[in-house]
Amino acid sequence: MDFKRAIAEALAKPAAMHADELINWLETPPSPEMGDYAFPCFKLAKTLRKAPPAIAAQLADEIVLPQGVAKAAPAGGYVNFFLDKAAQAKAVLEKVFAENERYGGSDIGKGRNVCIDYSSVNIAKPFHIGHLPTTVIGAALYRIYNHLGYNSVGINHLGDWGTQFGKMIVAYKRWGDHDTIDKGGVDELVKIYVRYHQESEQNPALDDEARAWFKRIEDGDAEALELFEWFKKITLKEVEEVYDILGIRFDSYAGESFYNDKMGRVVDELREKNLLKLDQGAQIVDLSDYKMPPCIILRSDGATLYATRDIAAALYRKDTYDFAKCLYVVAYQQDLHFRQWFKVVELMGYDWAKDLVHVSFGMVSGTEGAFSTRKGNMVKLRNVLDAACEKTYDIICEKSPDLEDKQTIANQVGVGALIWNSLYNGRIKDVVFDWDAVLNFDGETGPYAQYTHARACSVLRKADYKPGAVDYSKLTDPESAAVIAAIGAFPDAVVEAMEKNEPYLVTRSVINLCAAFNKFYYEQRIMADDAAVRQARLALTDATKKAIAIGLGLIGVFAPERM
RNA sequence: GUCUCCGUAGCUCAGCCGGAUAGAGCGUCCGCCUCCUAAGCGGAAGGCCGUGAGUUCGAAUCUCGCCGGGGACGCCA
């Protein structure tokens with residue numbers, strides 16, 4: 001199956017080197033006509049004291065071709081290897097059919113937990129478009145790790161602590177109405193919160209009141225807690241509706257308030273280990289040796305901070321889940337924050353500090369600049385999802401008027417388009433939210449991949465396809481070979497996506513497969529007259545369908561059978 | 001000011017643990033549905049890979065400087 005490995009081993013003898021090293025030298029030629037693998041001979045020129053083309057010629061001549069490799073041809077300073085197309089087709093398709101929905105997966109993470117901190121919404125704040133990246137990147141990584149045998153633990157680290165909840169209570173007591181808020185949800189909470197900020201400018205006494213209320217929450221006062229829990233419930237109800245739409249779930253909602261009683265341990269331990277230092281009234285960990293500003297653990301008034309809470313959470317997660325990795329899917333603005341407290345954990349003597357990973361991503365802004373709840377230019381995620389689904393519904397009515405259950409499919413495609421969009425590029429890229437771009441379904445978009453999947457399903461349905469013996473020699477044309485290569489490349493893409501915590505690598509792998517299949521579909525008639533050809537092409541179509549469905553599943557996009 | 005990330009076609013991006021003519025989508029222009037879903041396929045046009053040095057047989061890819069942009073930089077999260 002592993003032709004690359006086999007070629008490296010075959011090269012070991014004539015090149016007088018270890019296969020392990022040679023395998024890293026092997027590359028993929030720029031175009032398929034040049035071969036499936038290429039070995040550059042330039043590096044050998046020095047040790048062998050010969051010109052690269054001469055080395056290439058010699059290697060091509062001396063090598064004993066492994067099973068499934070048809071030809072080795074020198075070309076300039078390269079030796080190009082051509083796989084036996086039928087052998088390659090057999091290897092790839094049999095693997096897909098043997099593994100089915102597990103294709104592209106493995107058990108490399110078996111028995112190991114990975115904590116993924118993502119989405120992490122704020123209570124009593126709108127769930128806006130800026131939360132989409134962390135939510136879908138985290139959810140994709142969750143599935144990708146699981147596919148590779150890890151046990152993912154999805155953690156929604158709720159922003160459910162801080163004086164703003166004291167403010168919320170003051171605002172509610174003054175201007176809030178229970179039924180209005182019950183009905184209007186987070187929007188109503190935001191309204192009274194905004195009003196609080198307007199009024200408190202004129203009336204600073206409100207802030208004292210808010211502090212007092214927050215103190216009552218901390219002290220476990222019944223009325224304060226009841227209101228606090230109510231705000232939480234209202235927010236989570238709305239947020240969970242969106243998670244349902246996105247097909248996302250969490251294993252834990254342990255947020256900031258959860259760690260409230262777990263920070264003493266952090267402070268005590270830092271003090272014991274002599275890491276704390278009093279500076280300008282605050283307790284800090286000095287990081288000047290590491291060219292970073294100090295990490296503040298306790299404010300001058302003794303209150304804990306963000307970093308303290310994150311350290312407490314990390315210790316708790318290590319105790320609870322004994323994670324092999326703990327990922328924080330948080331925007332790059334917080335880069336320094338994570339570098340600081342990761343370093344503090346390391347200084348505390350925990351070797352697992354190296355397993356803490358900040359999975360950073362770019363920021364989302366509007367065409368008018370940064371989004372801001374106060375400015376009111378914020379776009380609610382729910383509204384974008386709804387708009388995408390509506391537009392999809394219209395397109396379906398136009399293109400597939402006979403389709404049953406249009407609304408369900410429209411939702412799957414509309415939502416898929418949005419998720420796809422967020423997972424199409426590298427995480428680090430900033431995103432300017434643009435309705436036109438989001439609602440464009442042509443080209444390399446989610447609907448394109450879903451369409452390709454539905455197309456494959458349609459062919460299999462019409463052909464009344466039944467799996468059976470396949471004559472792989474019927475799949476040696478360039479279009480079939482390209483599809484097979486794309487399917488064969490998928491598992492590596494999944495592994496790389498996991499290693500780099502970059503879901504877009506899966507997205508791009510799916511695109512490559514879709515493009516290859518659409519070309520194949522156009523150039524080769526799948527339902528050929530010749531029975532053997534037809535069966536082989538149907539098997540290829542089936543494998544394509546399966547691989548696309550798996551890929552889409554990993555990034556969290558639905559794969560409808562019709563659209 | 002310091003640290004950090006980014007700079008590839010008109011736009012959005014891929015390629016970056018160095019290798020053979022720099023790729024894709026969108027947009028523009030032109031083709032392809034008496035046959036498996038045209039949300040598709042093909043073609044054209046479009047790039048001194050920000051810039052200057054260096055390392056190397058070879059640099060979009062590695063190193064350094066510069067220019068331009070984003071972000072962060074002690075009691076918010």
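Excluded from the calculations below are hydrogen atoms, water molecules and symmetry mates; all remaining heavy atoms, backbone and side chain alike, are included. To find a chain, count down the sequence lines: A is the first, B the second, and so on, and within it residues start at 1.
- Secondary-structure annotation of RNA chain B gives the stems B:1-7 with B:67-73, B:10-13 with B:23-26, B:28-32 with B:40-44, B:50-54 with B:62-66, with a stem taken as at least 3 successive Watson-Crick or G-U pairs whose two distances both fall under 3.5 Å.
- The residue A38(A) sits close to a base: some heavy atom pair falls under 4.0 Å.
- Here A14(B) is the nucleotide among A14(B), A20(B), C36(B) with the atom lying nearest to any side-chain atom of R508(A).
- Looking at heavy-atom distances under 4.0 Å, P52(A) makes no contact with the nucleic acid at all.
- A salt bridge links D117(A) with R317(A): the distance from a Lys NZ or Arg NE/NH1/NH2 to an Asp or Glu carboxylate oxygen falls below 4.0 Å.
- Using a 4.0 Å heavy-atom criterion, one finds that E561(A) contacts the bases of the nucleic acid, with or without backbone contacts as well.
- Here the P atom of nucleotide A24(B) and the CD1 atom of I511(A) are 13 Å apart, to the nearest Å.
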I'd like a table of atom pairs between the protein and nucleotides 41-45 of chain B - only N or O on both sides, under 3.5 Å - with the distance next to each one.
residue: C41(B); atom: OP1; partner: Y448(A); partner atom: OH; Å: 2.9

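- Within 4.0 Å (heavy atoms only), N512(A) reaches no atom of the nucleic acid at all.
- Between the side chains of S257(A) and N260(A), no donor N or O sits under 3.5 Å from an acceptor N or O.
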Extract from the structure each pairing of a protein N or O with an N or O of nucleotides 68-73 of chain B at less than 3.5 Å, listing the distance.
residue: G70(B); atom: O2'; partner: Y332(A); partner atom: OH; Å: 2.9

Run the ring pair (Phe, Tyr, Trp, His ring centres under 6.0 Å) test on Y259(A) and H157(A) for me, step by step, so that the C-alpha distance in whole Å, both residues' side-chain angles and the decisive distance to 0.1 Å come before the verdict. CA-CA 10 Å; Y259(A) 296 102; H157(A) 190 77; 5.7 Å; yes
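- Ring pair Y328(A)/Y118(A): centre-to-centre distance not below 6.0 Å.
- Residue I284(A) contributes atom CD1, which lies 12 Å from atom P of G74(B) at whole-angstrom precision.
- To the nearest angstrom, C1' of U12(B) lies 16 Å from CG of L439(A).
- When heavy atoms are screened at a 4.0 angstrom cut-off, M292(A) is found touching no nucleic acid atom at all.
- The nearest whole Å value for the distance from the CD atom in E444(A) to the P atom in C26(B) is 8 Å.
- Across all strands, I296(A) comes closer than 4.0 Å to base atoms (heavy-atom distances).
- Contact annotation: Y504(A) side-chain N/O to G15(B) OP1/OP2 distance is under 4.0 Å.
- In this entry the base of C35(B) is anti relative to its sugar, with a glycosidic angle more than 90° from 0.
- At a threshold of 4.0 angstrom between heavy atoms, the contacts of K291(A) with the nucleic acid are absent.
- Side-chain atoms of D442(A) and T445(A) form no donor-acceptor pair, as typed in the model, at a separation below 3.5 Å.
- Using modelled atom types and a 3.5 Å distance limit, the side chains of Y306(A) and Q334(A) yield a donor-acceptor pair.
- Side-chain atoms of D279(A) come within donor-acceptor range of the base of G74(B), with a qualifying N/O pair under 3.5 Å.
- As judged by a 4.0 angstrom heavy-atom cut-off over every strand, K43(A) is placed among the base-contacting residues.
- Looking at heavy-atom distances under 4.0 Å, R525(A) makes contact with a base.
- R211(A) has its CZ atom 14 Å from the C1' atom of C76(B), to the nearest Å.
- Here C26(B) presents its C1' atom at 15 Å from CZ of F441(A), a figure rounded to the nearest Å.
- Remark: P of U4(B) and CZ of F338(A) are 19 Å apart, rounded to the nearest angstrom.
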